[in-house]
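Following: one structure in structure tokens, then a few remarks.
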Amino acid sequence: MKKISELRQDPVTGAWVLIATGRAKRPQAFVQKDKRAIPPKEDCPFENLMKDAILVLDDRGESYRLTKKELSYLKKNWLVQVVPNKYPAFGKGICQIERRLGPHRWMDGVGFHEVIITRDHEHPLALMYPQEVASVIKSYRERYQALKDEDCVEYISIFHNHGKDAGASVFHPHSQLIAIPVIPPDVERSLKGSADYAHAHKGGCVHCTMLDFERKDGRRIVYENRDFIVLCPYVSRAAFEVRIFPKHHNPRFEVSQDDDLPAIADALRVALAKIYKGLGNPDYNFFIHTSPTTHTTEFDHYHWHLEILPKTAIWAGFEISTGIDISTIAPEKAAEFLRKVKI
């Protein structure tokens with residue numbers, strides 16, 4: 001009897017995903033025709049160095065504060081700039097004061113919202129040079145380190161939206177950082193699952209266990225370098241979902257050293273380039289999951305990583321009503337396809 005589908009459960013979060021093998025698509029069915037219109041540079045708000053830039057990296061990857069002394073140099077040589085979001089989701093205020101309204105709790109949306117902008121108007125991260133991607137990663141880390149000790153910050157979300165369907169309202173390549181006064185529910189579930197595993201396995205890391213299994217199995221690995229591994233997770237929430245993990249246990253992204261940045265950048269660039277060229281430049285989101293900003297050892301069981309979710313499907317009634325994602329290609333087939341993409 002032909003198998004119709006397969007339910008797989010995430011060992012960290014406990015979430016179920018349906019791999020719809022009965023209506024599975026061939027990898028080539030996900031390839032899109034890139035019809036992305038490129039708006040003119042003249043209309044782009046991110047085209048020039050902004051006077052309110054918090055951090056600027058030049059084309060050598062060196063970091064600067066925007067001062068009058070450096071202004072003329074940086075106007076010509078900037079590669080990455082970090083600016084406050086003009087329309088922030090979180091802002092200044094008195095943090096962590098909970099209020100009640102009947103059975104409900106609420107607090108002010110106090111925090112920080114920044115935009116990380118790369119210079120080239122037309123080149124997404126997938127098409128950048130490795131050292132350019134390393135500078136972007138460095139800007140993520142530096143801004144994380146600058147904000148993690150703020151009173152109102154419990155978690156820092158770093159994410160990148162590519163394309164309108166992924167939520168990018170501006171074409172020009174950019175990422176965002178939002179520092180918030182709570183631990184988000186998705187991260188909290190991941191932290192709990194990691195903690196439960198560590199408690200049951202004498203301090204073991206669930207992600208390290210998964211990585212050991214994946215490296216022995218090999219079918220879902222897309223790429224690896226000395227320090228990082230790129231794979232399509234066994235429990236993929238979407239077709240061609242990709243995750244990037246450090247091979248060695250590390251609960252905190254922000255403690256990555258300068259020597260780590262080229263390897264992180266290499267893994268991210270290769271993953272995005274394979275998705276870009278293999279699937280015809282689809283819209284996607286990627287984000288970093290890392291430990292909360294607390295200085296305690298409470299989250300040492302966690303393993304930071306980066307998740308890439310291409311927009312290969314739309315949540316419909318079943319997904320919305322149950323929270324169970326459906327993928328119409330097995331991650332083993334997706335990884336096999338991406339491995340073969342030449343970049």
Side-chain angles (χ1 to χ4, degrees), residues 46 53-65 74 77-83 112-120 123-148 155-162 166 168 172-179 187 207 222-231 242-276 284-291 293 302-309 343:
F46 294 162
I54 304 163
L55 173 69
V56 183
L57 274 68
D58 69 7
D59 49 17
R60 298 172 300 169
E62 296 295 326
S63 303
Y64 294 85
R65 295 286 182 182
L74 291 174
N77 298 285
W78 75 274
L79 175 66
V80 181
Q81 61 173 318
V82 182
V83 301
F112 301 85
H113 192 168
E114 300 176 354
V115 185
I116 299 104
I117 304 164
T118 49
R119 182 162 190 163
D120 197 309
H123 276 69
L125 288 169
L127 301 181
M128 290 183 185
Y129 292 113
Q131 62 268 28
E132 294 175 324
V133 182
S135 291
V136 175
I137 301 295
K138 182 179 180 180
S139 71
Y140 294 169
R141 187 196 63 184
E142 290 199 14
R143 289 310 301 156
Y144 191 112
Q145 291 175 342
L147 294 173
K148 68 183 179 65
Y155 189 80
I156 297 177
S157 173
I158 298 170
F159 59 94
H160 184 97
N161 303 330
H162 176 74
H172 192 115
H174 63 284
S175 306
Q176 296 183 62
L177 179 153
I178 304 182
V187 175
H207 293 103
V222 175
Y223 174 76
E224 59 181 309
N225 57 34
R226 186 187 66 184
D227 297 316
F228 286 82
I229 188 165
V230 180
L231 56 83
V242 171
R243 295 187 186 182
I244 300 170
F245 290 88
K247 290 181 178 179
H248 304 291
H249 184 75
N250 182 359
R252 299 179 182 280
F253 160 73
E254 76 275 15
V255 301
S256 302
Q257 302 299 304
D258 286 349
D259 290 345
D260 299 323
L261 300 184
I264 302 173
D266 172 62
L268 178 59
R269 187 191 68 85
V270 169
L272 294 178
K274 284 179 173 288
I275 290 170
Y276 181 99
Y284 62 78
N285 306 98
F286 76 69
F287 52 88
I288 293 172
H289 267 183
T290 186
S291 295
T293 58
Y302 199 60
H303 196 124
W304 84 265
H305 57 279
L306 188 149
E307 304 185 18
I308 307 170
L309 287 164
I343 59 174

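Note: hydrogens, waters and symmetry copies are ignored here, and every other heavy atom, side chains too, is used.
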* Indicate whether the side chain of S175 and that of Y140 have a donor and an acceptor atom separated by less than 3.5 Å. => yes
* Asked: Is the shortest heavy-atom distance from the side chain of F159 to the side chain of I178 under 4.5 Å?
  -> yes
* To do: Provide the closest heavy-atom pair for P173 versus H123 in the form atom of the first, atom of the second, distance.
  => CG-O, 3.4 Å
* Distance-minimising heavy-atom pair for V82 and S139 -> CG2-CB, 4.3 Å
* Hey, are the side chains of I156 and F112 touching, using non-hydrogen atoms and a 4.5 Å cut-off? -> no
* Over 60° means perpendicular and under 30° means parallel, so classify the ring planes of H207 and H305, tilted if in between. => tilted
* Asked: Between the side chain of N225 and the main-chain N/O of A263, is any donor-acceptor distance below 3.5 Å?
  -> yes
* Sub-4.5 Å side-chain heavy-atom contact between P251 and H303 -> no
* Asked: Looking at side-chain heavy atoms only, is the closest gap between I264 and F228 below 4.5 Å?
  -> yes
* Asked: Is the shortest heavy-atom distance from the side chain of I244 to the side chain of L268 under 4.5 Å?
  -> yes
* To do: Count the heavy atoms belonging to other residues, nucleotides or ligands that lie under 6.0 Å from CZ of R60, then report whether that count exceeds 12.
  => yes
* To do: Check for a donor-acceptor pair, side chain of D260 on one end and backbone N or O of Q257 on the other, with a separation under 3.5 Å.
  => yes
* **Pairwise side-chain contact, I117 with V80, heavy-atom cut-off 4.5 Å (strictly under)** => no
* **Side-chain donor or acceptor of N285 paired with backbone N/O of A166 under 3.5 Å** => yes
* Which value, rounded to the nearest 0.5 Å, describes the distance between L147 atom CG and E142 atom CD? -> 12.0 Å
* Asked: Do H174 and F46 have ring centres separated by under 6.0 Å?
  -> yes
* **Sidechain-backbone polar pair: E224 side chain, V222 backbone, donor-acceptor under 3.5 Å** => no
* **Flag side-chain contact, heavy atom, 4.5 Å: E307 against F286** => no
* For the side chain to side chain contact (heavy atoms under 4.5 Å, CB included) test, which of R243, H248, H249, K247 pairs with F245? -> R243
* Assign the ring pair W304 / F253 to parallel, tilted or perpendicular, where the plane angle (0 to 90°) is split at 30° and 60°. => perpendicular
* To do: Assign the ring pair F287 / H289 to parallel, tilted or perpendicular, where the plane angle (0 to 90°) is split at 30° and 60°.
  => tilted
* Asked: Got a second to check how far R143's CZ is from L55's CG, nearest 0.5 Å?
  -> 6.5 Å
* Can you tell me how far CG of D58 sits from OG of S135, rounded to the nearest 0.5 angstrom? -> 8.0 Å
* Structure fact -> CG of D227 to CG of D266, rounded to nearest 0.5 Å, is 10.0 Å
* When you check the side-chain N and O atoms of T118 and E132, is any donor under 3.5 Å from an acceptor? -> no
* Asked: Which residue pairs pass the salt bridge (charged side-chain N to carboxylate O under 4.0 Å, His left out) test with at least one member in residues 249-259, sequence neighbours excluded?
  -> R141-D258, R252-E254
* Asked: Are V242 and L231 side-chain neighbours, meaning at least one heavy-atom pair lies under 4.5 Å?
  -> no
* Which heavy atom of S291 sits nearest a heavy atom of Y302, and at what distance? -> OG-CB, 3.7 Å
* **Nearest-0.5 Å distance, CD of residue E114 to CD1 of residue I54** => 4.0 Å
* Would you please say whether a donor-acceptor pair under 3.5 Å links the side chains of Q176 and H113? => yes
* Under the salt bridge (Lys or Arg N to Asp or Glu O under 4.0 Å) rule, collect the residues that match up with E62, sequence neighbours excluded. => none
* Asked: When rounded to the nearest 0.5 angstrom, what is the spacing between CD1 in I288 and NE2 in H160?
  -> 12.0 Å
* To do: Starting from the C-alpha separation in whole Å, work towards a yes-or-no answer on side chain to side chain contact (heavy atoms under 4.5 Å, CB included) for T290 and Y155.
  => CA-CA 9 Å; T290 186; Y155 189 80; 4.2 Å; yes
* Are I116 and V83 close enough, and set up right, to give a side chain to side chain contact (heavy atoms under 4.5 Å, CB included), and what steps lead you there? -> CA-CA 7 Å; I116 299 104; V83 301; over 6 Å; no
